[in-house]
Chemist: 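Structure below; questions to follow.
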Amino acid sequence: MYKALIDRLERDAFLSRDEYLTLIKNRAQCADYLFERARAVRDRYYHSKVYIRGLIEFSNYCKNNCYYCGIRAGNTKAERYRLTPEEILSCADEGYSLGFRTFVLQGGEDPYFTDEMFESIIRQLKARHPDCAVTLSLGERSYESYKRLKEAGADRYLLRHETACKAHYEKLHPSNMSFENRMRCIRDLKALGYQVGVGFMVGSPFQSEEDLANEMLFLKEIKPQMVGIGPFIVHADTPFNIYKSGSAELTLFMLGLIRLTLPNVLLPSTTALGTVDPLGREKGINAGANVVMPNLSPSDVRGKYLLYDNKICTGDEAAQCIVCLKERIKTTGCEIVTDRGDYKYEI
Ligand code: 5AD
Ligand code: FES
C-alpha cells in the first residue's frame, strides 16, 4: 500500500496532506523504496551528478534572536567575527582555483554590512569570476535591497522559511520577527527573478508529523528552485537547549519526499545532517539529494560559525574538505561536478 502511494507520488509529484502523513507515520516500512525512487527521479534530471557550492560564512554577528540558533544576538558566549570584503573575495578566489563555480555568501543579519558593501562585493566577485553563480543567504531584507543586490549580479537567494505554520513560527522566534515578513521576503525574491531556496529544520521543537506533511503542500505551492533541510540540533547556549535534536532518519525520509514532490529541485545534503550522523551526507545523497556545500571560510573563523553544537568540518582547510567530500560522494555512485549547476527547468 505504501509502495503504491510512493508510485503515485512519483507519477503525479503530489499527494494529499493525509497521504503524506500516512507515509511519514509509516516511514520505517517504506523508506528504502522511497529512496530508490528518489534516486531514480534525481538521476532522470541530473544524471547522478552532485553539485558543489562553496560556502563563505562571512559574519556571525546577528541582530536576531531566533530561539534555536547559536549565533543569536543574545548568546554572549559566541565569539564574534566578520570577514573584510577583501577576505571574502580571496576566499572566492581560492574556491575558484579549487574548482568551485558557485559561491554562497552566508551570514547572520549583521547591519554592519550595508547594501553598498554587498553591492560592491557582488560586483567584484562577478568581475573576477564571470562564469560563477553568486548565491546570497543574508536573511530578511527589503524589496529595494533585494532588487539592488540582484542588479549587482546575484543569481540565487537562500532564505529558509523554517516552518510553514504561522503558530509554529511564533514558537521558534521572538515577537519582533514575523511569519508574514518571512513570506513577504520569499515572494519578493521570486518576483525579482532570483532562483530561490527555502527550507526548514526537521525535528525542531513543537514540530508535529502533521506539520511535516504540511511542509510538502507548502513547497508545492511555493515551487522553490532549492530546498535546504537539516535536523534541528541543540546549541547549549540557546533557550532551546532543553529540547532534543532531530534525527537523521526523519530528515532522510523528508529528503526523499521532497525529491519526488519537486523532481528537479536542487536539494543539499547538509552539514547538519552530517553532524547528527557521521555518514549523514552520503545517506542524504542516497535519499535523493544532489548538492553539497563545503565551507570555504578561512580556518581561523570556521569554528566560530556555530549555529548548533558539534558542527563538523570546523577544523579543516577548504582544500582538505573538498578532497574528503569528493571521496565520500564517490561512495554513493554519484559524481561531483563543479559547473554552476543551475536549476533544470526541463529534462
Ligand atoms: N540546528 C539546525 N539548524 C539550524 N539553523 C539555525 N540554527 C540551527 C540549529 N540549532 C538553520 C536554520 C537557518 C539555517 C542557516 O541554519 O534553518 O535558516
Ligand atoms: Fe569537511 Fe570531510 S567534508 S572534512
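It should be emphasised that the depicted structure is a prediction, and the values quoted were computed from it without experimental measurement. Numbers for residues simply follow the sequence, beginning at 1. Just the heavy atoms: all of them, side chains too, but no hydrogens, waters or symmetry mates, feed the values below.
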Chemist: Looking at N181, is its backbone amide N or carbonyl O close enough to the side chain of S178 to form a donor-acceptor pair, meaning the two atoms are under 3.5 Å apart?
Modeler: yes
Chemist: Look at atom NZ of K3 and say whether more than 12 heavy atoms of other residues, nucleotides or ligands are closer to it than 6.0 Å.
Modeler: no
Chemist: Can you tell me if D188 and Y146 form a side-chain donor-acceptor pair at under 3.5 Å?
Modeler: no
Chemist: Decide yes or no on salt bridge (charged side-chain N to carboxylate O under 4.0 Å, His left out) for R123 and E119, but give the supporting numbers first.
Modeler: CA-CA 6 Å; R123 285 195 192 281; E119 180 178 346; 3.1 Å; yes
Chemist: Answer yes or no: is there a donor N or O on one side and an acceptor on the other, between the side chain of Y194 and the main chain of K150, under 3.5 Å?
Modeler: yes
Chemist: With distance as the sole criterion, is a donor-acceptor pair present between the side chains of R80 and N60 under 3.5 Å?
Modeler: no
Chemist: Would you call the rings of H129 and F103 parallel, tilted or perpendicular, taking 30° and 60° as the class edges?
Modeler: tilted
Chemist: I need the single residue from V337, I336, V291, D339 that forms a side chain to side chain contact (heavy atoms under 4.5 Å, CB included) with I52. Which is it?
Modeler: I336
Chemist: Got a donor-acceptor contact below 3.5 angstrom from the R148 side chain to the F118 backbone?
Modeler: no
Chemist: Closer than 4.0 angstrom, basic N to acidic O: yes or no for D237 and R72?
Modeler: no
Chemist: How long is the span from the CZ atom in F253 to the CG atom in L212, to the nearest 0.5 Å?
Modeler: 10.5 Å
Chemist: On the ring face of Y305, is K311 found with NZ or CZ under 6.0 Å from the centre and within 45° of the axis?
Modeler: no
Chemist: For a quick check under 3.5 Å, do T238 and N241 share a side-chain donor-acceptor pair by atom type?
Modeler: no
Chemist: Would you say that T135 contacts D155 through its side chain, given a criterion of any heavy-atom pair below 4.5 Å between the two side chains?
Modeler: no
Chemist: Using side-chain heavy atoms (C-beta onward) and a distance below 4.5 Å, is L158 in contact with M226?
Modeler: yes
Chemist: Decide salt bridge (charged side-chain N to carboxylate O under 4.0 Å, His left out) for R340 and D131; before the verdict, give the C-alpha distance in whole Å, the side-chain angles of both, and the deciding distance to 0.1 Å.
Modeler: CA-CA 8 Å; R340 282 173 50 122; D131 53 336; over 6 Å; no
Chemist: Contact between L83 and P298 at the side-chain level, heavy atoms closer than 4.5 Å - yes or no?
Modeler: yes
Chemist: What's the separation between atom NZ in K283 and atom OG1 in T251, rounded to the nearest 0.5 Å?
Modeler: 11.5 Å
Chemist: Working to the nearest 0.5 Å, report the span between CD1 of I222 and CD of E215.
Modeler: 10.5 Å
Chemist: Without hydrogens or angle criteria, can the side chains of S297 and N295 be said to hold a donor-acceptor pair below 3.5 Å?
Modeler: yes
Chemist: Tell me, please, whether Y112 has R82 positioned over its six-membered ring: NZ or CZ under 6.0 Å from the ring centre and within 45 degrees of its axis?
Modeler: yes
Chemist: Any side-chain donor paired with an acceptor under 3.5 Å for E116 and S120?
Modeler: no
Chemist: If only side-chain N and O atoms count, and only distance matters, is there a donor-acceptor pair under 3.5 Å linking T261 with Y20?
Modeler: yes
Chemist: Between E180 and R184, is a salt bridge (charged side-chain N to carboxylate O under 4.0 Å, His left out) present by the stated rule, with each step listed?
Modeler: CA-CA 6 Å; E180 286 75 17; R184 189 273 303 159; over 6 Å; no
Chemist: Can Y68 and Y243 be said to form a ring-ring contact (aromatic ring centres under 6.0 Å, His included), step by step?
Modeler: CA-CA 10 Å; Y68 46 84; Y243 297 107; over 10 Å; no
Chemist: Do any N or O atoms from the side chain of R156 and from the backbone of V134 form a donor-acceptor pair under 3.5 angstrom?
Modeler: no
Chemist: So, S48 side chain and D43 main chain: donor-acceptor pair closer than 3.5 Å or not?
Modeler: no
Chemist: Return yes if some donor-acceptor pair links the side-chain N/O of R302 with the main-chain N/O of C313 below 3.5 Å, else return no.
Modeler: yes
Chemist: Taking the six-membered ring of Y45 (Phe, Tyr or Trp), confirm whether the NZ or CZ of K344 is under 6.0 Å from its centre and within 45° of its axis.
Modeler: no
Chemist: Roughly how far apart are E209 CD and K25 NZ, rounded to 0.5 Å?
Modeler: 4.5 Å
Chemist: Could you measure the distance from the OH atom of Y81 to the CD1 atom of I71? Nearest 0.5 Å is fine.
Modeler: 7.5 Å
Chemist: Do the non-hydrogen side-chain atoms of L192 and Y143 ever get within less than 4.5 Å of each other?
Modeler: yes
Chemist: Assess the residue pair K330 and E327 against the criterion (salt bridge (charged side-chain N to carboxylate O under 4.0 Å, His left out)); give the C-alpha distance rounded to whole Å, side-chain angles, the decisive distance to 0.1 Å, and a yes or no.
Modeler: CA-CA 5 Å; K330 248 193 242 161; E327 289 303 314; 3.4 Å; yes
Chemist: Establish, yes or no, whether the cationic atom of K166 lies under 6.0 Å from the six-membered ring centre of F179 and within 45° of the ring axis.
Modeler: no
Chemist: Ignoring hydrogens and geometry beyond distance, is a side-chain donor-acceptor pair present between T332 and E282 at under 3.5 Å?
Modeler: no
Chemist: So, do F58 and F113 have ring centers that fall under 6.0 Å from each other?
Modeler: yes
